[in-house]
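We count residues from 1, following the sequence as given. We use all heavy atoms of the structure for the numbers below, so side chains are in, but hydrogens, waters and symmetry mates are not. Numbering of ligands and ligand atoms starts at 1, following listing order.
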Amino acid sequence: MVGNKEKSKEKRDKRLQEISLLRTIPYSDHQRWWTSETVAVVTGANRGIGFEMVRQLAGHGLTVILTSRDENVGVEAAKILQEGGFNVDFHRLDILDSSSIQEFCKWIKEKYGLIDVLINNAGVNYNVGSDNSVEFSHMVISTNYYGTKNIIKAMIPLMRHASQGARIVNVTSRLGRLKGRHSKLENEAVRAKLMDVDSLTEEIVDKTVSEFLKQVEEGTWESGGWPHSFTDYSVSKMAVNAYTRILAKELSERPEGEKIYANCFCPGWVKTAMTGYAGNISAEDGADTGVWLALLPDQAITGKFFAERREINF
Ligand code: NDP
């Protein structure tokens with residue numbers, strides 16, 4: 001008898017095969033809304049999924065800015081792609097550092113004027129396997145949630161007004177889901193607040209993460225109903241998911257011709273430094289949905305959560 005684990009492995013492998021095939025189908029001329037002048041920015045792109053998204057986007061003919069918090073490592077990573085003939089530029093960007101964000105925006109303004117795509121990929125996780133330390137909770141929430149929010153806010157004024165809309169893609173995780181197989185969120189009040197998209201506000205999300213951090217400081221978080229594995233990381237991604245919905249709603253109020261579409265996706269469990277290379281898919285497969293979302297010819301998709309090129313529940 002085939003167990004559930006085997007069944008989901010079979011399903012996943014089948015979908016990955018389908019996606020590998022889909023990736024080989026070139027976009028037709030009428031689908032390609034972009035040109036070599038289209039500018040995409042990817043954060044935390046010196047390695048892993050971010051690096052791979054840069055490679056794939058540049059492969060589709062966009063100009064891609066590979067950013068990294070470490071200048072030397074980023075220059076080297078960009079060089080690999082530049083030597084491969086890709087149109088890739090580099091600039092330093094630490095999403096935790098407001099002066100680095102400002103400096104980056106200034107550079108973009110001077111060199112490119114505006115950008116079309118922003119992929120928020122930079123992130124940290126300090127939990128490995130069943131080790132569920134919350135020791136680095138502040139760093140995890142600051143980077144994954146506040147850092148992502150800060151770079152988005154800084155970049156929105158630099159996003160091009162165009163008929164096809166600019167795009168924001170946030171790399172999050174199924175671990176941040178409010179419902180579903182992987183979610184172990186037992187705090188019903190938090191779930192209800194974050195699910196209620198009509199009344200969801202940034203303040204609610206900020207308060208939720210602050211409450212979590214307060215409980216960590218007080219040593220009471222274990223009875224707070226937060227996810228039991230990868231706790232701080234899951235809370236950070238839950239917050240980014242919620243923020244993506246708020247952002248999409250806000251941005252949808254912009255007039256036609258000035259739209260920005262914001263979505264998020266889970267790359268799967270990917271063999272990168274973050275997982276100690278213990279994932280079950282390659283960075284190439286993990287990057288796929290992000291690239292697909294950034295290039296979607298269909299303009300009206302916003303405020304959604306995706307995995308393996310399919311919409312999933314928050
Ligand atoms: P990596 O650890 O390989 O990459 C993370 C990247 O983020 C690195 O380039 C890192 O830079 C960068 N980064 C961290 N902090 C900052 C910062 N303050 N400013 C700028 N860059 C920063 O992991 P992945 O490629 O796996 O992760 C990419 C994204 O995918 C993350 O958001 C992660 O949460 C998400 N994700 C990954 C999954 C997986 O299974 N791998 C599953 C679900 C989501 P540096 O090299 O300097 O540390």
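Residue contact check: Val171 has heavy atoms under 4.0 Å from atoms 29 (C), 30 (O), 32 (O), 35 (C) of ligand 1. Interface of Leu93 with ligand 1, defined as ligand atoms under 4.0 Å from a residue heavy atom, comprises 19 (N), 20 (C). Of all atoms in ligand 1, numbered sequentially from 1 with element shown, those under 4.0 Å from a heavy atom of Gly44 are 6 (C), 7 (O), 8 (C), 9 (O), 12 (C), 21 (N). Contact atoms of ligand 1 toward Val124: 14 (C), 15 (N) (distance under 4.0 Å to a heavy atom of the residue). The atoms of ligand 1 that sit less than 4.0 Å from any heavy atom of Thr172 are 43 (C), 44 (C). Close contacts of ligand 1 with Thr275, meaning ligand atoms under 4.0 Å from a residue heavy atom, involve 39 (C), 40 (O), 41 (N). Under a 4.0 Å criterion applied to the non-hydrogen atoms of Trp269, ligand 1 contributes the atoms 40 (O).
Between Glu308 and Arg174 there is a salt bridge, with a side-chain nitrogen of the basic residue lying less than 4.0 Å from a carboxylate oxygen of the acidic one. With respect to Arg92 and Asp70, no salt bridge is recorded, no charged nitrogen being found less than 4.0 Å from a carboxylate O.
Considering backbone and side-chain atoms alike, Gly48 places every N or O at 3.5 Å or more from each N or O of ligand 1. Polar contact check, Ile49 against ligand 1: a nitrogen or oxygen pair lies under 3.5 Å apart. Polar contact with ligand 1: present for Tyr233 (N/O pair, distance under 3.5 Å).
Close to ligand 1: Lys237, with a non-hydrogen atom less than 4.0 angstrom away. Not a single heavy atom of Thr43 sits under 4.0 Å from any atom of ligand 1. In this structure, Gly279 does not count as a contact residue of ligand 1, since none of its heavy atoms falls inside 4.0 Å of the ligand. Taking a 4.0 Å cut-off on heavy atoms, Asp70 fails to register as neighbouring ligand 1. Under a 4.0 Å heavy-atom criterion, Thr67 is not in contact with ligand 1.
Annotation: cation-pi pair Arg245/Phe314 present, NZ/CZ under 6.0 Å from the ring centroid and within 45° of its normal. No cation-pi contact links Arg160 to Trp33, judged by a cut-off of 6.0 Å to the six-membered ring centre and 45° from its axis.
From the protein, the heavy atom lying nearest to atom 19 (N) of ligand 1 is Ile95 N, 3.0 Å. Nearest protein heavy-atom contact of atom 47 (O) of ligand 1 is Arg69 NE, 2.9 Å. Atom 3 (O) of ligand 1 has as its closest protein heavy atom Arg47 NE, 3.0 Å. When hydrogens are left out, the protein atom nearest atom 22 (C) of ligand 1 is Ala122 CB, 3.5 Å; that is the closest non-hydrogen contact. Taking atom 46 (O) of ligand 1 as the reference point, the nearest protein heavy-atom neighbour is Asn46 ND2, 2.8 Å. Closest to atom 40 (O) of ligand 1 among all protein heavy atoms lies Val270 N, 2.7 Å. Nearest to atom 18 (N) of ligand 1 among the protein's heavy atoms is Asp94 OD1, 2.9 Å. In terms of protein heavy-atom proximity, atom 31 (C) of ligand 1 is closest to Asn121 O, 3.1 Å.
Hydrophobic clustering keeps Leu62 apart from Ile115 (ILVMFWY residues linked when any side-chain heavy atoms are closer than 4.5 Å, directly or through intermediates). Follow the hydrophobic side-chain contacts under 4.5 Å out from Met238 and you never reach Phe305; the two are in separate clusters.
Judged purely by distance below 3.5 Å, without hydrogens or angles, the side chains of Asn120 and Thr148 never pair a donor atom with an acceptor atom.
Taking the side chain as every heavy atom from C-beta outward, Leu57 and Phe86 never approach each other to under 4.5 Å. When side chains are defined from C-beta on, Asn127 does not count as touching Val140, because their heavy atoms never get closer than 4.5 Å. In this structure, Glu37 and Thr63 have side chains that are not in contact, with every pair of non-hydrogen atoms separated by 4.5 Å or more. Side-chain contact check for Gln164 versus Trp34: every heavy-atom pair is 4.5 Å or farther apart.
By the criterion of a heavy-atom distance under 4.0 Å, the side chain of Pro267, and not its backbone, is placed next to ligand 1. Only the side chain of Thr272 comes within contact range of ligand 1, with a heavy atom under 4.0 Å; no backbone atom does.
Remark: of the listed residues Lys249, Lys207, Lys153, Lys153 is the sole one forming a salt bridge (charged side-chain N to carboxylate O under 4.0 Å, His left out) with Glu202.
Ring geometry for Phe104 against His91 counts as tilted: the plane angle lies between 30° and 60°, on a 0 to 90° scale.
When Gly268, Ala278, Gly123 are checked for heavy-atom proximity to atom 38 (C) of ligand 1, Gly268 turns out nearest.
A donor-acceptor distance shorter than 3.5 angstrom exists from the side chain of Asn121 to the backbone of Thr43, with no hydrogens or angles considered.
Centroid-to-centroid, the aromatic rings of Phe265 and Trp292 stay 6.0 Å apart or farther.
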